[in-house]
Amino acid sequence: MLVSVTADGKKIVTLTTTGPSNYTTGGFKVIIPELQRILALNVDIKVNQKDDNIVYALDYDYSGNTITFKAYKIDVTATAPSPWSEVSDGKNLSGIVINIIAIGV
């Protein structure tokens, strides 16, 4: 949703979305249709994913008006050091809420 336009014409946009119900290895994309190009980005991730002994995290990158999120997990009961690994295909990540503030043109 377009929130405001700055004096120099840049758009400030907010968006709230959730993770996919069927994750695909390599990540999922969020497009900000109000922008052609993201110049600055603030992402707040609230992980409500409740799986025994597993902690989730998202990494992200952006290009143009598209943000790509890649999901990782770690088993907190595994023998240390336990590596982070990408979430498997098909995992339901809809319990993850993503709040985005983007500035762009």
Side-chain angles (χ1 to χ4, degrees):
M1 171 173 71
L2 180 63
V3 174
S4 184
V5 177
T6 64
D8 62 352
K10 292 180 179 70
K11 297 175 185 176
I12 302 171
V13 177
T14 63
L15 176 69
T16 297
T17 189
T18 61
S21 59
N22 188 6
Y23 183 78
T24 300
T25 302
F28 61 96
K29 297 184 183 310
V30 173
I31 297 171
I32 304 192
E34 296 90 348
L35 301 178
Q36 293 179 1
R37 184 167 44 104
I38 298 168
L39 301 173
L41 187 64
N42 182 337
V43 177
D44 176 53
I45 300 167
K46 184 175 183 181
V47 180
N48 287 328
Q49 200 71 25
K50 305 291 191 224
D51 291 335
D52 289 341
N53 305 320
I54 302 293
V55 173
Y56 292 90
L58 293 181
D59 190 17
Y60 63 91
D61 196 6
Y62 62 91
S63 178
N65 69 341
T66 304
I67 308 164
T68 302
F69 291 92
K70 201 168 182 182
Y72 293 91
K73 66 178 181 171
I74 189 169
D75 182 342
V76 296
T77 63
T79 304
S82 178
W84 287 89
S85 61
E86 187 175 3
V87 171
S88 303
D89 279 340
K91 178 67 180 166
N92 181 352
L93 297 178
S94 61
I96 297 175
V97 177
I98 306 164
N99 295 301
I100 300 166
I101 299 172
I103 299 173
V105 291

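The model shown is predicted, which means the values in this text are computed figures rather than measured ones. Count residues from 1 along the sequence.
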Please report, to 0.1 Å, the donor-acceptor pairs under 3.5 Å made by any side chain of residues 74-85, with sequence neighbours excluded.
unit_1: Asp75; atom_1: OD1; unit_2: Thr77; atom_2: N; d: 2.8
unit_1: Asp75; atom_1: OD1; unit_2: Thr77; atom_2: OG1; d: 2.6

Side-chain donor/acceptor pairs under 3.5 Å, residues 59-67, sequence neighbours excluded:
unit_1: Asn65; atom_1: ND2; unit_2: Ile32; atom_2: O; d: 3.2
unit_1: Asn65; atom_1: ND2; unit_2: Leu35; atom_2: O; d: 3.0

Run the side-chain donor-acceptor check on residues 97-105: report pairs under 3.5 Å with partners two or more places apart or on a different chain.
unit_1: Asn99; atom_1: OD1; unit_2: Thr16; atom_2: OG1; d: 2.8

Would you be so kind as to tabulate the donor-acceptor pairs closer than 3.5 Å made by side chains of residues 6-14, with sequence neighbours excluded?
unit_1: Thr6; atom_1: OG1; unit_2: Asp8; atom_2: OD1; d: 2.4
unit_1: Thr6; atom_1: OG1; unit_2: Lys10; atom_2: N; d: 3.0
unit_1: Thr6; atom_1: OG1; unit_2: Lys10; atom_2: O; d: 3.3
unit_1: Asp8; atom_1: OD2; unit_2: Lys10; atom_2: NZ; d: 2.7
unit_1: Lys11; atom_1: NZ; unit_2: Glu34; atom_2: O; d: 3.1

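Taking CZ from Phe69 and CD1 from Ile96, the interatomic distance works out to 10.0 Å, rounded to the nearest 0.5 Å.
A 4.5 Å side-chain heavy-atom check between Ile45 and Tyr56 finds every atom pair outside the cut-off.
Criterion: ILVMFWY side-chain heavy atoms under 4.5 Å apart, direct or through other members. Under it, Leu93 and Val55 are not part of a common hydrophobic cluster.
Legend: side-chain hydrogen bond (donor to acceptor under 3.5 Å, both in side chains) pairs involving residues 22-33, not counting sequence neighbours, sorted by first then second residue: Tyr23-Glu86, Thr25-Asp89, Lys29-Thr68.
Across all non-hydrogen atoms, the minimal contact from Ile31 to Pro33 is O-CD, 3.1 Å.
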